[in-house]
Amino acid sequence: MKELLENIEQHGKRIAEYTRSINYLRDSLAIIEAKHQLAIVEAKNEETGKPLYSNDTARAGALKLRLEDNETYQIKLSNLRDLEHERECLRAEIESMRGLFRLSLLDKEEAITAGRVTA
């Protein structure tokens with residue numbers, strides 16, 4: 001039972017580490033997105049001086065294409081998805097271990113109630 005509690009604690013620490021890394025990656029991605037958005041908003045037709053992307057839909061499409069072509073962005077996005085997946089797996093493992101811990105407590109309680117106290 002003690003080992004189960006230690007495993008739950010270790011998983012909790014790993015989740016906290018993943019969460020820090022996830023937040024860092026999200027911030028990094030937001031900076032890349034902001035740089036591209038700014039470049040898109042400021043882009044002008046050289047001949048007319050008018051904005052190259054005249055509406056929100058065009059700007060959103062241009063951003064999507066630029067981010068798709070940005071290798072750094074794609075690597076960070078892939079890393080983010082991997083970390084989020086790993087964190088969710090750890091959370092599921094913790095829930096499973098908590099269930100096992102509750103069952104072991106119920107077993108001990110039942111043993112005590114039945115007069116079969118075990119160490």
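- Scanning both residues, Tyr53 and Ala43, for their nearest heavy atoms gives CE1-CB, 4.1 Å.
- For the pair Thr19 and Asn23, the minimum side-chain heavy-atom distance is below 4.5 Å.
- The shortest side-chain heavy-atom distance between Leu90 and Glu86 does not fall under the 4.5 Å cut-off.
- Checking side-chain atoms of Thr113 against main-chain N and O of Glu109 turns up a donor-acceptor pair under 3.5 Å.
- A side chain to side chain contact (heavy atoms under 4.5 Å, CB included) with His36 holds for exactly one of Asn70, Ile31, Val41, Leu65; it is Asn70.
- At most 12 heavy atoms of other shown residues, nucleotides or ligands fall within 6.0 angstrom of atom CD in Glu46.
- For the pair Glu84 and Arg81, the salt-bridge criterion is not met [side-chain N within less than 4.0 Å of a carboxylate O].
- In terms of hydrophobic clustering, with Ile, Leu, Val, Met, Phe, Trp and Tyr side chains grouped at heavy-atom distances under 4.5 Å, Ile94 and Leu100 are assigned to a common cluster.
- Rounding to the nearest 0.5 Å places CD of Gln74 at 9.0 Å from CG of Leu29.
- One finds the NZ atom of Lys50 at 9.0 Å from the CG atom of Asn45 (value rounded to the nearest 0.5 Å).
- Counting heavy atoms from C-beta on, the side chains of Leu77 and Leu67 never come closer than 4.5 Å.
- Shortest non-hydrogen contact noted between Ala39 and Arg66 is CB-NH1, 3.4 Å.
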- Query: Under the salt bridge (Lys or Arg N to Asp or Glu O under 4.0 Å) criterion, do Lys64 and Glu68 qualify, and how do the steps go?
  - Reply: CA-CA 6 Å; Lys64 191 169 189 79; Glu68 185 70 30; over 6 Å; no
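- Residue Leu5 holds its CG atom at 8.0 Å from OG of Ser104, rounded to the nearest 0.5 Å.
- Lys44 NZ: more than 12 foreign heavy atoms inside a 6.0 Å radius.
- Under the 4.5 Å side-chain criterion, counting only non-hydrogen atoms from C-beta, Ile8 is not in contact with His11.
- Heavy atoms only, all atoms of each residue included: Ile40 and Ala62 are closest at CD1-C, 3.6 Å.
- Proximity of a side-chain donor or acceptor of Ser28 to a complementary backbone N or O of Tyr24 within less than 3.5 Å is detected.
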Can Tyr18 and Arg14 be said to form a side-chain contact (heavy atoms from CB on, under 4.5 Å), step by step?
CA-CA 6 Å; Tyr18 283 156; Arg14 287 178 56 202; 3.8 Å; yes
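- For the atom pair Leu83 CG and Ile15 CD1, the distance stands at 12.5 Å (nearest 0.5 Å).
- To the nearest 0.5 Å, atoms CD (Glu6) and CD (Glu3) are separated by 7.0 Å.
- Using a 4.5 Å heavy-atom threshold, the side chains of Glu17 and Arg20 count as touching.
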Steps toward side-chain contact (heavy atoms from CB on, under 4.5 Å) verdict (Leu63, Arg59): CA-CA 6 Å; Leu63 177 63; Arg59 287 187 287 274; over 6 Å; no
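- Ionic pairing of Arg91 and Glu95 is not present here: no N-O contact between side-chain nitrogen and carboxylate oxygen is shorter than 4.0 angstrom.
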